[in-house]
Amino acid sequence: MIVTQIEEFTKSKSKVYIDQEFAFVLYKGELRIYGIEQGKEVSTLVYRQILGEVLPRRAKLRSMHLLKARDYTCAGLRDKLCRDLYPEAVIEEAIAYLLSFGYLDDARYALDYIRCYHDRKSRVRLEADLRRKGVAKVVVETAWQSWREEGNEQDETDQIRRLAEKRHFDAQTADRKAWGNFYSFLLRRGFSAESIRKAMKNHLCDDFYLT
């Protein structure tokens, strides 16, 4: 195995290519420690040590550091490590390690997300956000069930009322165009037509333009 190229990745890290193919990213100090130089051969022992020890250890530490700042879904953390150019096998080892200790938990993440945003986002919007973050549909459904079992209920009509206040929407003076624009805005936010009509009738105005 011959190091055919060493390319700067960041100020402190370099991309290493072996036999014309990208192999891994190493700190510049690690290049010296393991004798990685362009044009030189890499022993099987060193290659296995880097992939089997150095990178997995670093990926786990990197993941723990990221999780100290905020929670991640499995998919979100996997994507982050991919952008750091860790090999797929190394990423999966790090993910498995974090799952085994409960540091990663999509069900917990989904439940916490619902707890945080249930009064600011529609159910459709919340579920779309979670699915976009890589949380499986069945996990999202379980999180909703757990949230309801805590005694919670989502009041979308109240959310709509507060959005109207935030946007300075005056239901009593709004014309047909203003009503239409506000209605379209709410649809884009994921609110159902039924919730919108209920909010408009019960909280905003008894006489609205949308039929």
**Message:** Between the side chains of Glu141 and Arg123, is the shortest nitrogen-to-carboxylate-oxygen separation below 4.0 Å, so that they form an ion pair?
**Reply:** yes

**Asked** If you look only at pairs with a residue in residues 40-55, which of them pass as a salt bridge (charged side-chain N to carboxylate O under 4.0 Å, His left out), with sequence neighbours excluded?
**Response** Glu37-Lys40

**Prompt:** Looking at Ala59 and Ala94, what are the two nearest heavy atoms and their distance?
**Reply:** CB-CB, 4.0 Å

**Prompt:** Is the shortest side-chain N to carboxylate O distance from Arg131 to Glu127 below 4.0 Å?
**Reply:** no

**Prompt:** What is the ring orientation for Tyr97 with Tyr103, classed by angle as parallel under 30°, tilted 30 to 60°, or perpendicular over 60°?
**Reply:** tilted

**Item:** Side-chain donor/acceptor of Asp106 to backbone N/O of Cys74, under 3.5 Å
**Value:** yes

**Asked** Which atoms form the tightest heavy-atom contact between Ala143 and Ala107, and what is the distance?
**Response** CB-O, 4.5 Å

**Prompt:** Is the shortest side-chain N to carboxylate O distance from Glu30 to Lys13 below 4.0 Å?
**Reply:** no

**Asked** Do you reckon Phe191 sits in the same ILVMFWY cluster as Val124, going by side-chain contacts under 4.5 Å, direct or chained?
**Response** no

**Request:** Determine, using the 4.5 Å side-chain heavy-atom cutoff (strictly less than), whether Leu99 and Phe101 are members of one ILVMFWY cluster.
**Result:** yes

**Message:** What I'd like to find out is whether the side chain of Val25 reaches to under 4.5 Å of the side chain of Thr10, using heavy atoms alone.
**Reply:** no

**Complete:** The complete set of salt bridge (charged side-chain N to carboxylate O under 4.0 Å, His left out) pairs with one or both residues in residues 108-118, sequence neighbours excluded, reads Asp112-Arg115, Arg115-Glu150

**Fill in**
d(Arg58 CZ, Tyr27 OH) to nearest 0.5 Å is 5.5 Å

**Message:** Within the structure provided, determine whether Leu66 and Lys80 are in side-chain contact (heavy-atom separation under 4.5 Å).
**Reply:** yes

**Item:** Distance (rounded to the nearest 0.5 Å) between Tyr86 OH and Glu93 CD
**Value:** 12.0 Å

**Request:** Using the side chain to side chain contact (heavy atoms under 4.5 Å, CB included) rule, pick out the option among Val139, Thr73, Val135 that qualifies with Leu130.
**Result:** Val135

**Asked** Side chains of Phe24 and Val90: does their closest heavy-atom pair fall under 4.5 Å?
**Response** no

**Message:** Do Leu81 and Val16 land in one hydrophobic cluster if side-chain heavy atoms of ILVMFWY residues count as linked below 4.5 Å?
**Reply:** yes

**Request:** Please say which of Lys15, Arg78, Arg62 ends up in a salt bridge (charged side-chain N to carboxylate O under 4.0 Å, His left out) with Asp84.
**Result:** Arg62

**Asked** Can you say whether the rings of Trp144 and Trp147 are parallel (under 30°), tilted (30 to 60°) or perpendicular (over 60°)?
**Response** perpendicular

**Request:** Supply the atom-to-atom distance Glu92 CD to Glu88 CD, rounded to the nearest 0.5 angstrom.
**Result:** 6.0 Å

**Message:** Apply side chain to side chain contact (heavy atoms under 4.5 Å, CB included) to residues His118 and Asn152 and explain how you reach the verdict.
**Reply:** CA-CA 9 Å; His118 74 274; Asn152 300 307; 5.8 Å; no

**Message:** In this structure, would Val54 and Val42 fall into the same cluster of hydrophobic residues linked by side-chain contacts under 4.5 Å?
**Reply:** yes

**Item:** Pairing residues for Gln5 by the side chain to side chain donor-acceptor pair (under 3.5 Å) criterion, not counting sequence neighbours
**Value:** Glu7

**Request:** Could you check if a side-chain atom of Asp129 sits within less than 4.5 angstrom of a side-chain atom of Tyr117, using non-hydrogen atoms only?
**Result:** no

**Fill in**
Value for CD (Glu21) from CE (Met1), rounded to nearest 0.5 Å, stands at 12.5 Å

**Prompt:** Rounded to the nearest 0.5 Å, how far does OH of Tyr109 lie from CG of Leu111?
**Reply:** 12.5 Å

**Fill in**
To the nearest 0.5 Å, atom CG of Leu55 lies from atom CD of Gln49 at 10.5 Å

**Request:** Please say which of Leu31, Leu26, Ile36 ends up in a side chain to side chain contact (heavy atoms under 4.5 Å, CB included) with Ser14.
**Result:** Leu31

**Asked** Hey, quick one: are Leu61 and Phe9 part of the same hydrophobic cluster, counting side-chain heavy atoms closer than 4.5 Å, chains of contacts allowed?
**Response** no

